[in-house]
Every structure is written in structure tokens, then in C-alpha cells.
There are 2 protein chains.
Amino acid sequence: MPGSYFADRLTGMVVLSENERLALARLEERERPVRRGMTLHRERDRTGDVYILRKGTMMSSVLLDDGSRQILRFHFPGDMLATASMIYREAPETITAVSECIVAPFERSAFAALYTEHPRLAALIMVYNQIERAALTDRLAALGRTSAKARVAAILIEMRNRMQTEVDGTASFVLGLTQEEIGDATGLTAVHVNRMLRQLEEEALIARESGRISFLDERAMLRTANYIDRYAKLNLDWLPPAN
Amino acid sequence: MPGSYFADRLTGMVVLSENERLALARLEERERPVRRGMTLHRERDRTGDVYILRKGTMMSSVLLDDGSRQILRFHFPGDMLATASMIYREAPETITAVSECIVAPFERSAFAALYTEHPRLAALIMVYNQIERAALTDRLAALGRTSAKARVAAILIEMRNRMQTEVDGTASFVLGLTQEEIGDATGLTAVHVNRMLRQLEEEALIARESGRISFLDERAMLRTANYIDRYAKLNLDWLPPAN
DNA sequence: CGTGGTCTTGAGATCCTTCAACTTTCGTGG
DNA sequence: CCACGAAAGTTGAAGGATCTCAAGACCACG
């Protein structure tokens, strides 16, 4: 269990110093399993730890008072979870395990030392936050201005790209979401999600069999979904020196 | 022109040290007017400065390839603008002046020194980002799961609360948005925005006269809009010491 | 083999959009 | 200061996208 999954996420951006690696590894010393369907915390719970996701897929969501749910974001290994715990007394979102997961919890007070002793890591956390912000605005634009079919296609692409999808020859992957969950993420009903999946299938953009999805026409998928990779085209020239 | 509008924004959260004030004030040494309708930059432009908004209202938006526009967020005095410039080579959003504005531009490289010398300010910038993130997720939930009327009501409340609304006896304020802009922010057509405004008026929740809006039934507005104040209930106990 | 959850499909209802015309407001130049 | 044109707002009617309700099929699991 040595090493830091969050560090691995940052490694695509810069080369970390030994000191920085150590500081991040210290955040992830403890581990905790989370069973499928279980929550890290619910909306309005008193906030506590922050987490790094080490294994599995999680999601954050909110409940509206008519009982409907909006899924805000899916989380994948290396992601920092419950970042709102850093600043709010009450959690603004519910965080739930979509599959069997392992998280590394740490106290928010750990950030004080991190920010003082490792300015570049502090800056990288901001970079990470900005990427998440960009991804959220993409979803905002999708919900506000694109068709149901485009939104469903976008979710499929996001899930495939962000899962640790071992390329096993074909471009197929196990989605691991119910159509209800896809609906809650895209602002649609499960019934309509079903119809949109069928339509994508009939147009030969995807194929489905027992939870597995394959992209038959990658280009057409990207086109209908308006997809933008927010982890690309970064510019981090300005970062402070490592420590 | 001394002082920092961004610092004023943070002042509600913590007491800044003299050093911190100075560091922030240095960011805002220059000023630049932006005429109504003009842009700071457009999507896909090469990124440049970051800005603090000193006066006026601005908005960030994206264009989809069918020509429709989604307004992502409105910005008010004290807000930090174009934060994506910190990390991307190309701007992911267009930033436009909704009214006559004044901004204070500074180079993104200024963050290097800020993060090294003022860890607590670095942490506060993260706090600021988290608040913005929470506001974005609220809008996401609104677009995905609430009715047109609720979304329009939510925009009205947000604009009133965040504008420097001098309380002139009544609870009325000048919206300063076209119905088209409200539509682009809520994911609706201008026509339907018009009908929703009318409906809010008929139900005696608001009154309108030549661009001025008054809330007649504050409670009912908050209820239909699902409004949550994301600047409240913060918990910043863990912040590193001032410098 | 039941049982509950998920998926699938149809039919009708609803919300929102589109299109089109008209009115009002606003900004600008004469 | 007025006149004009453009932008913004208003309203009706019809169409389309998505939802709701309902029922049946499939599947995994005890």
C-alpha cells in the first residue's frame, strides 16, 4: 500500500520531487473498503475526512425535494473525494460507491501542513480543482443545450475514457451503471435513457450485450456527444518550484 | 485604486494579515475598463491574464456547434475571472461584460510567488474555488431536475443576492439581463422565459416594471427555486497560519 | 422457483420549442 | 429633440421531445 494514487494522477502533469511524493503518500496511509451502494456521507451530514479513491467507481449526487436525484459527477481511482468537506460544515453532496471501492481517508487539517510546506502541491491541487470545474461546466452545457441522445452518448464516452479500461483488443467495456443512474446523471428518465440507448444501437454507433458496451463508430460518438478531453492541453509553466 | 476587491471577498471568511492584504493588492495594481458586450477572451483563444472583477457584471459562456449558447456563470465584483487561464493553453469559455465593467488584470505567473509566500492565501483561493464548484453543482441540479419556472426563479434570486443591491427601501433591483440571456443561462428559449416571468408575475411572486424586478413573496420564491446560499456555513478551522 | 430489481415497449399527456407576427423600448444620428 | 431602425419583449398556434403510467420480459439471487 505504499505510494499515492493522487500522485499518480498528477504525474501526467509534472514530475514530482521525492519530498512531494512522500507528503502525498502520507495522506493515503490508511485504507477503507466501501461496499457497492454504500455512502461515504450523505447530504447535510456533518463533514469529516477527505478521501482519495484508490479502487472502484463512486458518484456524488444531490436529492431535490420532489425526491428526484441529480448525479453530479463520477469519480475514478486517483480522484480526490469530498473536497467540499474542506470548506463546509455540512456536506453539499452525497457520495456513493457505484462498485466495490477502496478509499484512503485523511483529515482535512492535513492540508494546512501541505499548503505551508509544499507550495507546488498546493498549486497542483488547484490545477486539479480547475480541471474538475471545466468538466462540470461541460456537463452543465450538455444538460442545458443538448439532446437526450447527445447526453447519453457523452456519459458513455466519459465512463469509457475515465475507467481503467484495459484495452482487451476490442473497444468494449463494462458500464456498471443502471439506466436509472444514467438518467439521474443526464437529467432524463430511465425509460427515455433506454430509448436513447436503443437508438444509438440502431444507428450502429454502439453495440450492447449484458452490460458490455462497444463503440462501433468512435468518430460518430464523439461528434454526437460534443466531447472535450479536459485533461489535455494544460499549461503549467507558472508553477512554483518543487520542495 | 488601493486595496483589493478579491481581498474584500475573502474578508467575510477570515481576517487577513497586513502582508496578505498587500500581496493581494499587488495583483490588482492595474485596471482596465470593459465595455458592455465586449469580451475578455473567447473560447479557444490563447489564454493570457487572470482578472479580478472590480465593477459591473460579467458572464462566462460556451457556444455549442449548433450555434446555441450556454451561460455557465455570472460574475460580480470581487470575483476572480478566467481562472481556467491558470491551467489551460486555450480558454474553455468566453467571458463577456453584461454591463459596463472594470477589471484588474494580472499575469498567471503571479500565483507562483503567492503560493510560495502566502500559503494561507493559497488555501483561501482553494476555498473560493470550492464555493464556485458548489454553485456550479447547484445549477447542474437545477438544469437536470427542475422545471422551467424554478430555473428562472433561481436566476432571479442569484442575481439579486449577488449584485451589490443597495437596499433602497423596497426589495427591487435592476436585473440587467435580456430574456435571451436568462434563457441561455437556464437552458430555455427566450420565448419560454417570457412566459415563465409572466407566470411568476401572475402568481404574485414578483412584479416587473421596465427592467426592475421586485420580489413580492420572498418565501415562495426561495421555495420554488430550491435556493441554497453557498457562501454560508463555511468551516475554515484547518487553514494554515497567516504570513 | 419465487421475488425483486432492471430492462423493454407502447400509448397518451405534458412541457417546452419553433415559427411568426406584432408591440414596445432603446440607442443613435440628424 | 425628434425620428428612425434595431433590439428586446409579447403573444398565439402548432409541433416535437421527453415524461408518465402501465404492463410484460428478463435476470440474479436467495
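Below, read A as the first sequence line, B as the second, and so on, with proteins coming before strands; counting in each chain starts at 1.
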Engineer: With a cut-off of 6.0 Å (strictly less than), are more than 12 heavy atoms of other residues, nucleotides or ligands near CZ of A:R36?
Structural biologist: no
Engineer: Can you find a side-chain donor-acceptor pair between A:S85 and A:R108 that sits under 3.5 Å?
Structural biologist: no
Engineer: Yes or no on salt bridge (charged side-chain N to carboxylate O under 4.0 Å, His left out) for B:R73 and B:D79, after CA distance, side-chain angles and deciding distance?
Structural biologist: CA-CA 11 Å; B:R73 189 130 168 73; B:D79 280 354; 5.3 Å; no
Engineer: Going through the distances and angles, do A:R46 and A:E90 end up as a salt bridge (charged side-chain N to carboxylate O under 4.0 Å, His left out)?
Structural biologist: CA-CA 5 Å; A:R46 198 170 173 65; A:E90 293 181 4; over 6 Å; no
Engineer: Quick check: are there more than 12 heavy atoms from other residues, nucleotides or ligands sitting under 6.0 Å from CD of B:E202?
Structural biologist: yes
Engineer: Categorize A:G187 for me: base, sugar-phosphate, or nothing, with a 4.0 angstrom heavy-atom threshold over every strand shown.
Structural biologist: sugar-phosphate
Engineer: Tell me which residues in residues 139-157 of chain B put a heavy atom below 4.0 Å from DNA chain D, sorted by number, or none.
Structural biologist: none
Engineer: Rounded off to whole Å, could you give me the CG-to-P distance for the B:L175 and C:dC26 pair?
Structural biologist: 14 Å
Engineer: Can you check whether A:T178 has a side-chain N or O nearer than 4.0 Å to OP1 or OP2 of C:dT6?
Structural biologist: no
Engineer: Rounded to the Å, how far apart are A:L177 CG and C:dG5 C1'?
Structural biologist: 16 Å
Engineer: For atom CZ of A:R42, is the number of surrounding heavy atoms from other residues, nucleotides or ligands below 6.0 Å larger than 12?
Structural biologist: no
Engineer: Send over the distance from A:E209 CD to C:dC7 P, rounded to a whole Å.
Structural biologist: 16 Å
Engineer: Whole angstroms only, please: what is the CD-P distance between B:E181 and D:dA7?
Structural biologist: 14 Å
Engineer: Look at atom CD of B:E107 and say whether more than 12 heavy atoms of other residues, nucleotides or ligands are closer to it than 6.0 Å.
Structural biologist: no
Engineer: Closer than 3.5 angstrom, by distance alone: can the side chain of A:Q70 be matched with the main-chain N or O of A:L63 as a donor-acceptor pair?
Structural biologist: no
Engineer: To the nearest angstrom, how far is A:R36 atom CZ from C:dT6 atom P?
Structural biologist: 8 Å
Engineer: For a quick test of reading the model: is some side-chain N or O of B:R208 closer than 4.0 Å to OP1 or OP2 of D:dT10?
Structural biologist: yes
Engineer: Please list, in numerical order, the residues of residues 192-205 of chain A that have a heavy atom closer than 4.0 Å to any atom of DNA chain D.
Structural biologist: A:H192, A:R195
Engineer: Give me the one residue out of A:L200, A:L177, A:N161 that meets side-chain contact (heavy atoms from CB on, under 4.5 Å) with A:L156.
Structural biologist: A:L200
Engineer: Which one, C:dT17, D:dC19, C:dT9, comes nearest to the side chain of A:T189?
Structural biologist: D:dC19
Engineer: Would you indicate, yes or no, if C:dT8 has its OP1 or OP2 atom less than 4.0 angstrom from a side-chain nitrogen or oxygen of A:Q179?
Structural biologist: yes
